[in-house]
Amino acid sequence: MNFIFLGPPGAGKGTHAKLLSQKHGIPQISTGDMLRENIKRATDLGKQAQVYIDQGELVPDDLVIQMVEERLAQPDCQKGYILDGFPRTVTQAEALSKFARIDKVIDLVADTSVILGNLSGRRVCGNCGATYHTRRLNGATTCAACGGKLIHRVDDQPETILHRLEVYHKKTEPLIEYYKKADLIMDVVVESTIDHDFMLIEKALGL
Ligand code: ADP
Ligand code: ZN
């Protein structure tokens, strides 16, 4: 099965996509993680993407589309995958429809207060990319999984967060209508614990 996780930044796409990936053994394709990995390795793509990411802008469609098309052609994606953070524009969705068949789209619906709380307290391992929240870290500054140093992403600073939300409303939200027309959307309101919200997602996906 091929799934898309849609929703504003900070709604928990990455958290739930990772849980689903681990439990059901299908890869999580996070374009944000892939782009950050490219920045770390200082590839051409990483160098081109960094300015956009740091400013809370979207990376140009053609760069991201090519990256995803190559990734989905890999053997591990042939039994299914979870797209986390892609598509983010109608242009990306139209391109995707040419090289993928999507079975379901989960739209994570969250209150702005939840989103702002999630993003401002988010800390990310600079080594393995695991994400944490200050409310559960108890002051820890290193990654429980690998010992790497936890960082506060440049694009998780307050002004950039607000800008990312604007970009989401303008460029990504129209995808809800796009996938509604295709009869693929399932809304899931995230408002409870991670376990509870995850259960709702599995139910929506029929898993
Ligand atoms: P979040 O989980 O907070 O939504 P991501 O890790 O998914 O953040 O994305 C971080 C940044 O990477 C985005 O703000 C954007 O600059 C870039 N990015 C990720 N996915 C895409 C995409 N599909 N199209 C364009 N830019 C993207
Ligand atoms: Zn780590």
Non-hydrogen side-chain atoms of [X] and [Y] separated by less than 4.5 Å:
X: Ile4; Y: Tyr179; value: yes
X: Cys143; Y: Leu150; value: yes
X: Ile201; Y: Phe5; value: yes
X: Met34; Y: Leu45; value: no
X: Thr15; Y: Phe198; value: no
X: His133; Y: Arg123; value: no
X: Leu63; Y: Leu35; value: no
X: Leu205; Y: Met186; value: no

Count I, L, V, M, F, W, Y as connected when their side-chain heavy atoms are under 4.5 Å apart, and connections chain through other members. Are [X] and [Y] then in the same cluster?
X: Val114; Y: Leu119; answer: no
X: Val188; Y: Ile82; answer: yes
X: Val124; Y: Ile115; answer: no
X: Phe86; Y: Ile102; answer: yes
X: Leu19; Y: Ile106; answer: yes

If I take atom [atom1] from residue [X] and atom [atom2] from residue [Y], how far apart are they, to the nearest 0.5 angstrom?
X: Thr112; Y: Leu162; atom1: OG1; atom2: CG; answer: 10.0 Å
X: Gln50; Y: Gln55; atom1: CD; atom2: CD; answer: 10.5 Å
X: Ile194; Y: Arg136; atom1: CD1; atom2: CZ; answer: 4.5 Å
X: Leu116; Y: Leu165; atom1: CG; atom2: CG; answer: 6.0 Å
X: Leu96; Y: Glu69; atom1: CG; atom2: CD; answer: 9.5 Å
X: Met1; Y: Arg101; atom1: CE; atom2: CZ; answer: 8.0 Å

Taking everything shown except [X] itself, do over 12 heavy atoms lie less than 6.0 Å from its [atom1]?
X: Lys40; atom1: NZ; result: yes
X: Tyr132; atom1: OH; result: yes
X: Gln66; atom1: CD; result: no

Can you check whether [Y]'s main-chain N or O pairs, donor with acceptor, with [X]'s side chain at less than 3.5 Å?
X: Lys149; Y: Gly126; answer: no
X: Thr172; Y: Thr89; answer: no
X: His24; Y: Ile26; answer: no
X: Asn2; Y: Asp103; answer: no
X: Glu57; Y: Ile53; answer: no
X: Asp33; Y: Ile29; answer: no
X: Thr31; Y: Gly85; answer: yes

Side-chain ion pair, Asp156 and Arg164, N-O less than 4.0 Å: yes
Go through the steps to decide whether Leu207 and Phe3 satisfy the test side chain to side chain contact (heavy atoms under 4.5 Å, CB included), and finish with yes or no. CA-CA 12 Å; Leu207 296 170; Phe3 304 129; 4.3 Å; yes
Heavy atoms only: give me the nearest [X]-[Y] pair and the separation to one decimal.
X: Thr91; Y: Ile65; value: O-CD1, 4.2 Å
X: Pro9; Y: Tyr168; value: CD-CB, 3.9 Å
X: Gly14; Y: Gln28; value: O-NE2, 3.5 Å
X: Ala100; Y: Leu72; value: CB-CD1, 4.2 Å
X: Leu58; Y: Tyr52; value: O-CD2, 3.5 Å
X: Pro87; Y: Ala93; value: CB-N, 3.5 Å

Start with the C-alpha distance between Glu177 and Ile185, add both sets of side-chain angles, then the distance that settles side chain to side chain contact (heavy atoms under 4.5 Å, CB included), and finish with yes or no. CA-CA 9 Å; Glu177 211 38 56; Ile185 280 260; over 6 Å; no
Any chance you could lay out the side-chain hydrogen bond (donor to acceptor under 3.5 Å, both in side chains) test for Glu191 and His196, step after step, and finish with the verdict? CA-CA 9 Å; Glu191 57 184 354; His196 179 81; over 6 Å; no
Check the pair Asp197, Leu108 against side chain to side chain contact (heavy atoms under 4.5 Å, CB included), reporting the backbone distance first and the verdict last. CA-CA 10 Å; Asp197 294 342; Leu108 295 181; over 6 Å; no
Tell me the salt bridge (charged side-chain N to carboxylate O under 4.0 Å, His left out) pairs involving residues 75-99, sequence neighbours left out? Arg71-Asp76
